[in-house]
Amino acid sequence: DIEAIKEIHTSEMHLKMDDLLKSLNEGNDHILRKVQEQMPQVLLSYRLVEYLISKTKHEAIKEQLIAMRKNLVYPSWYRF
């Protein structure tokens with residue numbers, strides 16, 4: 001379950017999910033851009049991107065996330 005993930009670590013970045021969600025809901029995409037630059041593999045997870053979309057209330061940020069999902073590979077059974 002994606003909600004169980006509290007932090008993601010790589011050699012380049014330490015990401016706290018609460019901080020990411022707070023930033024996205026405030027309309028600040030700085031952390032999202034930083035993740036795209038330093039941890040791009042994280043945003044290849046359709047489950048994580050869908051989770052962020054579901055938890056983000058800021059419409060402009062949600063649109064960015066929806067645009068990201070167009071480049072992801074989904075299982076054939078998945079429905080939007």
Side-chain angles (χ1 to χ4, degrees):
D1 187 325
I2 294 291
E3 285 196 43
I5 298 172
K6 301 297 179 196
E7 299 179 6
I8 300 172
H9 303 269
T10 67
S11 59
E12 297 181 13
M13 189 176 177
H14 175 96
L15 175 66
K16 292 184 178 182
M17 293 300 290
D18 287 343
D19 292 344
L20 175 60
L21 288 170
K22 181 179 177 193
S23 177
L24 296 177
N25 281 315
E26 291 173 350
N28 182 351
D29 68 350
H30 174 74
I31 292 178
L32 183 60
R33 285 180 292 159
K34 190 173 178 182
V35 171
Q36 286 175 308
E37 293 170 8
Q38 296 181 4
M39 302 171 84
Q41 68 279 15
V42 169
L43 295 174
L44 294 177
S45 166
Y46 77 89
R47 288 183 174 136
L48 178 63
V49 173
E50 290 297 331
Y51 172 75
L52 294 175
I53 291 169
S54 74
K55 295 295 183 183
T56 301
K57 295 171 182 64
H58 194 279
E59 286 302 315
I61 300 296
K62 190 178 268 193
E63 287 176 20
Q64 287 182 37
L65 293 166
I66 290 169
M68 274 185 218
R69 93 172 161 195
K70 293 177 183 173
N71 299 321
L72 301 177
V73 175
Y74 284 81
S76 60
W77 53 262
Y78 191 87
R79 300 286 181 251
F80 293 98

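Residue Ile53 holds its CD1 atom at 10.0 Å from CG of Leu48, rounded to the nearest 0.5 Å. Separation of atoms CG (Leu32) and NE2 (His30) is listed at 11.0 Å; rounding is to 0.5 Å. Taking CG of Asn71 as the reference point, atom CG of Leu43 lies at 11.0 Å (rounded to 0.5 Å). Atom-to-atom distance recorded for Glu12:CD and Glu37:CD is 10.5 Å, nearest 0.5 angstrom. Considering CZ of Arg47 and CD1 of Ile5, their distance stands at 10.0 Å, rounded to 0.5 Å. Atom CD in Gln64 sits 9.5 Å away from atom NE2 in His58 (nearest 0.5 Å).
With hydrogens and angles disregarded, a donor-acceptor distance shorter than 3.5 Å links the side chain of Lys62 to the backbone of Thr56. Formation of a donor-acceptor pair under 3.5 Å by the Ser54 side chain with backbone atoms of Tyr51 is found in this model.
Under the 4.5 Å side-chain criterion, counting only non-hydrogen atoms from C-beta, Glu7 is in contact with His14. Taking 4.5 Å as the limit, every side-chain heavy atom of Val42 sits out of range of all side-chain heavy atoms of Met13. The shortest distance between side-chain heavy atoms of Thr10 and Gln38 does not fall below 4.5 Å. Between Ile8 and Met17, the closest side-chain pair of non-hydrogen atoms falls below 4.5 Å. Looking at heavy atoms from C-beta onward, Met68 lies out of side-chain contact with Leu52 at the 4.5 angstrom threshold.
Scanning all heavy atoms of the two residues, the minimum distance from Leu65 to Val49 falls at O-CG1, 3.8 Å. Residues Asn28 and Ser23 share a closest heavy-atom pair of O-OG, 2.8 Å.
Transitive grouping of hydrophobic side chains (ILVMFWY, heavy atoms separated by less than 4.5 Å) brings Trp77 and Leu72 into a common cluster.
Note: Tyr78 and Tyr46 have perpendicular aromatic rings, judged against thresholds of 30 and 60 degrees for the angle between ring planes.
Applying side chain to side chain contact (heavy atoms under 4.5 Å, CB included) to Lys55 and the options Leu24, Leu21, Leu20, Ile2 leaves one that passes, Leu21.
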